[in-house]
Amino acid sequence: MLAPENPSELPLAVHRREPGAFERFVECWETPLYNYALRLLGNAFDAQEVVQDALLRAHKALTLQYDEARCRELVVRPWLFRIARNLSLNRRRGVWSRSDVTMTSFDDNRIGPFFAPDDGGRELERKEEARRLERAMAELPTESRELIFLRFMEEMPYGEIARTTGLSETQLRGKVFRSLKLLRRALEPRGVAHAV
């Protein structure tokens, strides 16, 4: 039996120890969890460790702690993001996790997809706009970065964000609104005039 393609069916497949299920689970969730942890931590090395730890904890929970019924009913995305969030916040509190050098300082622009050079400079504009957004996001408080990432980049509905963060949906709506205002203010000096 092959691992299911639907991410919501993967926890049950991992619980049953179906061949390839955990590998598929990792493939499905590794990148979104990494992007989330990176937003919270601002350090690629710490984010990688958080993701590895989160996936190992998820595997342990699914195979050893949860029964089949709980695996069947599990809402995977907020559950995994909550694990990654807790690990990231714990890591931020630790003295050893503070690093003065982030992975962006090691970027040599050789990693990533290749683009056709005849796009009229549009790709260069998109990259520069993405850099401005990244710099503005880095100036925001951790909570604001987290909420903007979950709502607009990960496209989580407020209900899932509430499960991830432990806040009510009403609190979240106000905090997301205020976070967007902070982001707009951070983007204004960078010459970004359009609405976020």
Side-chain angles (χ1 to χ4, degrees), residues 1-94 96-99 101-114 130 134 137-138 142-143 145-166:
M1 187 174 201
L2 291 173
E5 290 297 317
N6 184 347
S8 64
E9 296 172 2
L10 285 170
L12 188 58
V14 171
H15 175 75
R16 292 177 178 163
R17 300 174 191 261
E18 294 176 8
F22 187 64
E23 289 81 4
R24 176 76 178 109
F25 188 85
V26 169
E27 286 174 15
C28 183
W29 295 109
E30 184 176 34
T31 300
L33 288 175
Y34 173 77
N35 290 334
Y36 178 55
L38 185 59
R39 293 273 181 227
L40 292 176
L41 296 167
N43 180 296
F45 296 115
D46 285 346
Q48 288 171 348
E49 287 188 14
V50 162
V51 170
Q52 289 174 354
D53 197 10
L55 291 169
L56 288 174
R57 287 175 188 231
H59 183 269
K60 181 179 179 183
L62 293 172
T63 58
L64 301 174
Q65 298 168 337
Y66 293 2
D67 62 10
E68 191 164 315
R70 187 165 181 190
C71 291
R72 186 176 287 117
E73 295 170 4
L74 186 65
V75 183
V76 182
R77 185 163 64 170
W79 175 71
L80 276 174
F81 274 72
R82 180 73 178 235
I83 294 170
R85 179 180 198 266
N86 291 340
L87 291 168
S88 295
L89 295 178
N90 287 341
R91 186 160 301 244
R92 280 184 62 95
R93 286 188 273 272
W96 59 272
S97 71
R98 294 189 185 126
S99 174
V101 182
T102 63
M103 272 304 280
T104 55
S105 64
F106 296 109
D107 186 11
D108 63 0
N109 289 323
R110 290 188 295 169
I111 299 172
F114 294 98
E134 285 297 322
M137 288 279 289
T142 302
E143 183 182 53
R145 282 195 315 264
E146 174 187 21
L147 294 176
I148 289 171
F149 177 79
L150 291 175
R151 182 68 184 116
F152 300 104
M153 295 174 181
E154 195 56 37
E155 298 181 352
M156 268 192 191
Y158 283 104
E160 286 188 18
I161 299 171
R163 287 188 206 117
T164 300
T165 62

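Under the 4.5 Å side-chain criterion, counting only non-hydrogen atoms from C-beta, Met137 is in contact with Ile148. Under the 4.5 Å side-chain criterion, counting only non-hydrogen atoms from C-beta, Leu55 is in contact with Leu33. Taking 4.5 Å as the limit, every side-chain heavy atom of Arg91 sits out of range of all side-chain heavy atoms of Asn43. The shortest distance between side-chain heavy atoms of Pro32 and Phe81 falls below 4.5 Å. At a threshold of 4.5 Å between non-hydrogen side-chain atoms, the residues Arg39 and Glu154 do not count as touching. Within the 4.5 Å cutoff, the side chain of Arg77 has no heavy atoms near those of the Arg163 side chain.
With respect to the salt-bridge test (charged N to carboxylate O, under 4.0 angstrom), the residues Arg82 and Glu160 do not qualify.
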Leu10 and Val76: CA distance, side-chain angles, deciding distance, side chain to side chain contact (heavy atoms under 4.5 Å, CB included) verdict: CA-CA 9 Å; Leu10 285 170; Val76 182; over 6 Å; no
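When atom types are taken as modelled, the side chain of Arg92 and the backbone of Leu40 share a donor-acceptor pair closer than 3.5 angstrom.
The distance from the OG1 atom of Thr165 to the OH atom of Tyr158 is 11.5 Å, given to the nearest 0.5 Å. We find the CG-CG distance between Asn86 and Asp53 to be 11.5 Å, quoted to the nearest 0.5 Å.
Using a 30° and 60° split on the angle between ring planes, Tyr66 and Trp79 fall in the tilted class, from 30° to 60°. The aromatic rings of Phe22 and His59 sit perpendicular, their planes meeting at an angle over 60°, well past the 30° parallel limit.
With Arg85 as the fixed residue, the side chain to side chain contact (heavy atoms under 4.5 Å, CB included) test singles out one of Leu87, Leu89, Ile83: Leu89.
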